[in-house]
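Take a look at the structure below.
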Amino acid sequence: FPVTILAASTLTGTELFATVQDGITKYTTMNAIYNSIVYYGSFYDTASHTATVAHTNYIISHSSTDFAYGVSLIENGKIKVDNAGKYTLISSLQLKHTAGGDETISVFPRINGNDVSNSNTDLYIAGNNSITLFTINYFFNLNANDVIELVWSATDSDVQLFYTGSRINPTRPATPSIITTIARFA
């Protein structure tokens, strides 16, 4: 229901408001109410991506939104947050090594086009046609309209972010090459 607040001066968001729940009166601020709103997004990609040139950074592209509120995909599958706050981002990449030998895959985030310091994670993958799941988790303090992108590279051109279609025997859904979730927690 709509609430009208009459004030002699501009509200700052720190004024206390009484709320009653289960017969118990609690006091909170508008800032606390605003900061309790959860913004989130779940994004994925259904294409395979090959590191065509070794030791080269590639932007991880998300092509589809599963669901989102206050977070969206923008150009080239980058992730944009509409509201400031502390966010957690979890990304899973299905990797396939298509030749023999050992390779290193590196993944790190960028915010507004800038590499996030001390954020790279390396994974070592070995064996011909081996498939590995690479999952990383980050916490970010983001401003409204910040843009996040994930970057990957490999030490050889025989590594892919690998999409697998649905299968039978037993029946299983498709496996996206990338699944990324993000949520504001504070």
Side-chain angles (χ1 to χ4, degrees), residues 38-99 101-127 129-166 173-185:
V38 177
Y39 300 104
Y40 53 84
S42 178
F43 311 104
Y44 61 96
D45 194 65
T46 57
S48 292
H49 305 274
T50 302
T52 54
V53 178
H55 305 285
T56 301
N57 287 333
Y58 295 95
I59 303 301
I60 294 174
S61 178
H62 302 85
S63 61
S64 300
T65 300
D66 195 13
F67 53 85
Y69 177 72
V71 181
S72 58
L73 290 182
I74 60 171
E75 75 274 350
N76 300 320
K78 298 174 186 175
I79 298 170
K80 178 180 167 278
V81 299
D82 295 337
N83 301 280
K86 291 176 177 36
Y87 286 80
T88 181
L89 180 142
I90 301 170
S91 190
S92 297
L93 296 82
Q94 181 172 245
L95 298 163
K96 184 175 184 180
H97 186 223
T98 60
D102 300 341
E103 306 303 338
T104 302
I105 294 87
S106 299
V107 176
F108 64 90
R110 286 182 178 154
I111 298 176
N112 300 323
N114 300 307
D115 297 351
V116 175
S117 62
N118 301 308
S119 64
N120 184 68
T121 301
D122 288 337
L123 174 75
Y124 301 96
I125 188 170
N129 288 320
S130 60
I131 296 176
T132 301
L133 183 66
F134 185 15
T135 302
I136 49 177
N137 186 17
Y138 296 104
F139 287 93
F140 299 119
N141 190 19
L142 299 174
N143 296 309
N145 300 311
D146 274 353
V147 175
I148 303 163
E149 55 191 336
L150 295 172
V151 181
W152 77 292
S153 64
T155 55
D156 204 343
S157 60
D158 54 13
V159 177
Q160 297 177 330
L161 299 178
F162 186 66
Y163 169 77
T164 305
S166 58
T175 305
S177 54
I178 303 124
I179 299 172
T180 299
T181 60
I182 183 169
R184 186 175 89 163
F185 62 90

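On a predicted model such as this, the values are computed, not experimentally measured, just so you know. Numbering of residues begins at 1 and proceeds along the displayed sequence.
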Distance (rounded to the nearest 0.5 Å) between Thr181 OG1 and Phe67 CZ | 8.5 Å
Shortest non-hydrogen contact from Ile182 to Tyr87?
-> CG1-CD2, 3.8 Å
Are any non-hydrogen side-chain atoms of Tyr163 and Asp45 less than 4.5 angstrom apart?
-> no
Are the side chain of Asn143 and the backbone N or O of Ala84 linked by a donor-acceptor pair below 3.5 Å?
-> no
Test side chain to side chain contact (heavy atoms under 4.5 Å, CB included) on Val116 and Phe140 and set out the steps.
-> CA-CA 10 Å; Val116 175; Phe140 299 119; 4.3 Å; yes
Going by heavy atoms in the side chains, are Val38 and Arg184 under 4.5 Å from each other?
-> no
The salt bridge (charged side-chain N to carboxylate O under 4.0 Å, His left out) partners of Asp82 (sequence neighbours excluded) come to Lys80
Interatomic spacing from CG in Asp115 to CZ in Arg110 - rounded to 0.5 Å = 4.5 Å
Ignoring hydrogens and geometry, is there a side-chain-to-backbone donor-acceptor pair from His97 to Gly127 under 3.5 Å?
-> yes
For the side-chain contact (heavy atoms from CB on, under 4.5 Å) test, which of Ile59, Leu89, Ile79, Ile178 pairs with Leu150?
-> Leu89
Exercise: identify the closest heavy-atom pair between Gly77 and Leu73 | O-CD2, 3.7 Å
Residues at least two apart in sequence or cross-chain that pass salt bridge (charged side-chain N to carboxylate O under 4.0 Å, His left out) with Asp122, listed by chain then number, are none
How about Tyr39 and Val81: do any of their side-chain heavy atoms sit closer than 4.5 Å?
-> no
Measuring from Ile125:CD1 to Thr132:OG1, what's the distance to the nearest 0.5 Å?
-> 3.5 Å
Which residues pass the salt bridge (charged side-chain N to carboxylate O under 4.0 Å, His left out) test with Lys96, sequence neighbours left out?
-> none
Main-chain N/O of Thr104 paired with Thr155 side-chain donor or acceptor, under 3.5 Å | yes
What heavy-atom pair brings Ser177 and His49 nearest, and what distance separates the two atoms?
-> OG-CD2, 4.0 Å
Determine, stepwise, if the pair Thr135 / Ser92 fulfils side-chain hydrogen bond (donor to acceptor under 3.5 Å, both in side chains).
-> CA-CA 4 Å; Thr135 302; Ser92 297; 3.1 Å; yes
Take Ile105 and Trp152 through the side chain to side chain contact (heavy atoms under 4.5 Å, CB included) test and state the conclusion after the steps.
-> CA-CA 7 Å; Ile105 294 87; Trp152 77 292; 4.2 Å; yes
Distance (rounded to the nearest 0.5 Å) between Ile60 CD1 and Lys78 NZ = 13.5 Å
If you measure from CD on Gln160 to CG on Leu95, what distance do you get to the nearest 0.5 Å?
-> 10.0 Å
Describe, in one word, how the ring planes of Phe43 and His62 are oriented to each other, choosing from parallel (under 30°), tilted (30 to 60°) and perpendicular (over 60°).
-> perpendicular
Nearest heavy-atom neighbours spanning Ser153 and Asn57 | CB-OD1, 3.7 Å
Is the side chain of Tyr58 donor-acceptor paired with the backbone N or O of Val53 at a distance under 3.5 Å, no angle test?
-> yes
Determine, using ring centers only, whether Phe185 and Phe139 are less than 6.0 Å apart.
-> yes
Interatomic distance, OH@Tyr138 vs OG1@Thr121, rounded to 0.5 Å, equals 4.0 Å
Donor-acceptor side-chain pairing of Thr98 and Asp158 below 3.5 angstrom = no
